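What follows is a single structure, written as structure tokens, with notes after it.
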Amino acid sequence: MSVLGLIFSNIHNKEIFEITNYRTIASAPIGGRYRLIDFPLSSMVNAGITTIGVITKNNYQSLMDHVGSGKEWDLARKNGGLVILPPYSNTINDEVYNTRLEAIKSISSFINHSTAEYVVLTDCYHVCNINYKDVIKYHLEKNADITCVYRECMKEEDCHFPVNAFTLDEDNRVVKMELLNGFIGKINDSVDTWVMKRELLQSLIIESINTNYHSFNRDILSRNLKNLRVYGYNFKGYFGNICDLKSYYNVSKDLLKLEVREELFNQPGHAIYTKVRDSAPTKYGDNAKVSDSLIADGCIIEGEVKNSIIFRGSKIKKGCVVEDSILMQDTIVEENITLKNVITDKNVQIKYKKELCGSEEYPIYVKKNGVI
Amino acid sequence: MLNKKECVAMLLAGGQGSRLYALTSKIAKPAVRYGAKYRIIDFPLSNCINSNIDTVGVLTQYQPLVLNEYIGNGQPWDLDRTFGGVRILPPYQGKHRTDWYKGTANAIYQNIDFMKRYNPEYILVLSGDHIYKMDYSKMINFHKQNNAEVTIAVIDVSLEEASRFGIMNTDENLRINDFEEKPKKPKSTKASMGIYVFNAELLYKYLEEDEKNPESQNDFGKNIIPEMLKNDVRMYAYPFKGYWKDVGTIDSLLDANMDLLNDESLDIFNKNWKIYSRNDPYPPQFICKDAIVKRSLITVGCYIKGTVINSLLSNNVKVEKGAIIKDSVIFENTVIKEGAIINHSIVANDVVVGKNAIIGEDKENSSKIAVVGEGFNVLNNQRIEAGEIVEVGNKE
């Protein structure tokens, strides 16, 4: 069975504006050596999906730099492989898409040219290792027209608002979809991942062009719950939902838990691939003191690191204490500096400020190339 | 032919590395792990691409499986090219003769057709036994400037060490007038690094003549170079300064690894001269609470709960609670169970070190190194003495 993968790289940019100021959410750094798009991209490849379109809108230089030809995911292919789909604007009003449905419309020629039987659509704001083979199998078993992936979640967990909540019947068919701005108890939260036949997607696009619909969830899914067999697939694994800086921080901290890392990174046949940087191994100095930390290659660590995530190529010099912090690529922390609850973007130098302390609720964010 | 390469590199990677014992039972020496995430062959291959040499023939013979798989299409070194790139060259069956590679020169001789396909000006001959960073393009420039026919890279060694090397005696312009293999009384301290630049046509001629001589051992150092000197070929010594180490023995392999911790002269962190290697998709290393990690090089996938001091850990090594690793090198996928102590040792890949096992001896007490071969299962409480070498199918 041939399946076409479609990944939206930009839909959720506004919600986490600090980190996506310079990049798509898809290329937001996570977990020491990854970018968010590595998760859906690797999951698709691991499920045997070898043609993947990445839909972009703006600021996608870093994304293109990261995925390159797709060779790290074995997606540099003559047939299919990775295709970056730059935004398309029509010459009359010179505007690119605003909604998911408009984005799909704008790439309709790519979808029409594909010969795949099925389409998997997904987003880039989740940290999870989903088995798309299982989702497609479920889709076939239920003889569904559209399968929507959801997770059960409680209010106290990180929920971005508004959420798209599903009401399901006993067979897990979606009977109701609503946009909630708040709720009590448990809901079935859509994770914006769908499976359907390519032909169905094509006909839905034509319908939406004819009727001038804009919203995929409201105008397409919600409206068609009676005509189409729309089913929910309950994803039960770890799901890191990134919707703002705080949840970015919390999901990152989740990666310090062994069981989360085992599930995300250590399942045979379900590895997460990323761009290789050919960094040297990480070097620990005589005074290094590291505990409960995830440390990528290419770092030089001479100070103290606790409960933190250190990305590739960072340097932590003597006398430093880095605690509960996330230091992205090539961050340099000069001697005798204390950081607590800090997120530094790429290429930051901490030099003059001797102490930077945020709180768990409001971590301090230092922007890309910042020198403080 | 439209395409042409100025220089083709021929990398001799067929060596057995018999003095590495258990570490080369199943793999060729150039495929031996070094510096946590590398293999020895990463250094000459990375040097080639960093020197703008994109056509490399890798001559393999001994246990080529791992090496062939590792090099693959050459993509990690940017050597996957439509014309050129890296090629594995094993011995093959011919119409008139079928031979193993009899010596270094014979190995190159058997692949003359490969070199000729690229119509090169120069042939760069390299060996896969050394750790060093070198810009071969500078050496080729030196070769051109001196209008040389052969250039041999040399490094200054101490007079005591000189009798272990091939020594080049030169005039003041660095032209070589004499060559002595492991001389008892060395006349100079310029040791050959086993890196040669030849004018291609000249090399083909000498290789063909050498092949006709049944007395010849078909070796560059023993036959080709002396024969060229006899005929007054313009041969120059290219002086190299920098880190260069042969890793042919257990001691030198451990030493060279330790140099990465203690010697600044080999800088693997330089972004302008990266050493490339094939990467496995492991997550970053994780250092647990109460772990102690000091003066060490550690790479992806490692999970550390115990103590690691002055050591190098390759991909995906697990160090359980209470385990201690000191002055040692551990290759990939090895698990060190609770309470095990590893001192001044080399532990190869896919080894399981049982609980409270003791391997090696503190280097203060013994200069001998313990070696555990690939896939060996060290039992709980087992003692492996300093100087002992254990491997699967041998003393298990």
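Here the structure is a predicted model, which is why all the values come from computation and not from measurement. Below, all heavy atoms of this structure are taken into account, side chains as well, without hydrogens, waters or symmetry copies. The chains referred to below are lettered A, B, ... by the order of the sequence lines, with proteins before strands, and numbering in each begins at 1.
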>> Any heavy-atom pair between the side chains of A:L258 and B:Y303 that's under 4.5 Å?
In response: yes
>> Heavy-atom cut-off 4.5 Å, strictly under: side chain, backbone, both or neither for A:N307 against chain B?
In response: neither
> If every non-hydrogen atom of B:L297 is compared with every non-hydrogen atom of A:P281, which pair is closest and at what distance?
Replying inline: CD2-O, 3.9 Å
>> With heavy-atom distances below 4.5 Å as the criterion, would you say the side chains of B:P283 and A:L264 are in contact?
In response: no
> If you round to the nearest 0.5 Å, how far is CD1 of B:I298 from CD1 of A:I295?
Replying inline: 8.5 Å
>> Within the supplied structure, the quantity of interest is the number of heavy atoms (other residues, nucleotides, ligands) at a distance under 6.0 Å from B:K337 NZ; does it exceed 12?
In response: no
>> With rounding to the nearest 0.5 angstrom, report the CG to OG distance, B:N279 to A:S279.
In response: 8.5 Å
>> Looking at A:K253, I'd like to know if its NZ atom is crowded, meaning that more than 12 non-hydrogen atoms belonging to other residues, nucleotides or ligands lie closer than 6.0 Å.
In response: yes
>> Quick one: does any side-chain atom of A:K283 pair with a main-chain N or O of B:L260 as donor and acceptor, under 3.5 Å?
In response: yes
> Checking heavy atoms, do the side chain of A:R277, its backbone, both or neither come under 4.5 Å from chain B?
Replying inline: both
>> Less than 4.5 Å to any heavy atom of chain B: does that hold for the side chain of A:A271, its backbone, both, or neither?
In response: side chain
>> Could you report the tightest heavy-atom contact between A:Y34 and B:Y282, atom names first, then the distance?
In response: OH-O, 3.5 Å
> In terms of heavy-atom contacts, does NZ of B:K245 have more than 12 from other residues, nucleotides or ligands at under 6.0 Å?
Replying inline: yes
>> Are the side chains of A:V305 and B:I287 in contact, using a 4.5 Å heavy-atom criterion?
In response: no
> At what distance, to the nearest 0.5 angstrom, does CZ of B:F286 lie from CG of A:L256?
Replying inline: 5.0 Å
> Say you draw a straight line from CD1 of B:I309 to OH of A:Y284; how long is it, rounded to the nearest 0.5 Å?
Replying inline: 14.0 Å
>> Under 4.5 Å from any heavy atom of chain B, what part of A:F311 do you find: side chain, backbone, both or neither?
In response: neither
> By a 4.5 Å heavy-atom criterion (distance strictly below it), what part of A:I310 contacts chain B: side chain, backbone, both, or neither?
Replying inline: neither
> Say you draw a straight line from CG of A:D278 to CZ of B:R278; how long is it, rounded to the nearest 0.5 Å?
Replying inline: 11.5 Å
> With only heavy atoms counted, which part of B:K274 is less than 4.5 Å from chain A, the side chain, the backbone, both or neither?
Replying inline: side chain
> So does A:K368 have more than 12 non-hydrogen atoms from other groups sitting under 6.0 Å from NZ?
Replying inline: yes
> For the candidates B:K294, B:K289, B:Q285, which exhibits the highest count of non-hydrogen atom pairs separated by less than 4.5 Å from chain A?
Replying inline: B:Q285
> So what's closer than 4.5 Å to chain B heavy atoms on A:V290: side chain, backbone, both or neither?
Replying inline: both
> Contact part of A:L294 toward chain B, heavy-atom cut-off under 4.5 Å: side chain, backbone, both or neither?
Replying inline: both
>> Ignoring hydrogens, what is the shortest heavy-atom contact between A:D297 and B:V300? Give both atom names and the distance.
In response: OD1-N, 3.5 Å
> Does B:K271 come within less than 4.0 Å of A:D330, counting only side-chain N to carboxylate O?
Replying inline: yes
>> Looking at every non-hydrogen atom in both residues, tell me the closest pair between A:R33 and B:D280 and how far apart they are.
In response: NH1-O, 4.4 Å
> What part of A:R261 lies closer than 4.5 angstrom to a heavy atom of chain B: side chain, backbone, both or neither?
Replying inline: side chain
>> Does B:N262 have more than 12 heavy atoms from other residues, nucleotides or ligands lying within 6.0 Å of its CG?
In response: yes
> For A:K71, is it the side chain, the backbone, both, or neither that has a heavy atom closer than 4.5 Å to a heavy atom of chain B?
Replying inline: side chain
> What's the spacing between A:E302 CD and B:R295 CZ if we round to 0.5 Å?
Replying inline: 10.0 Å
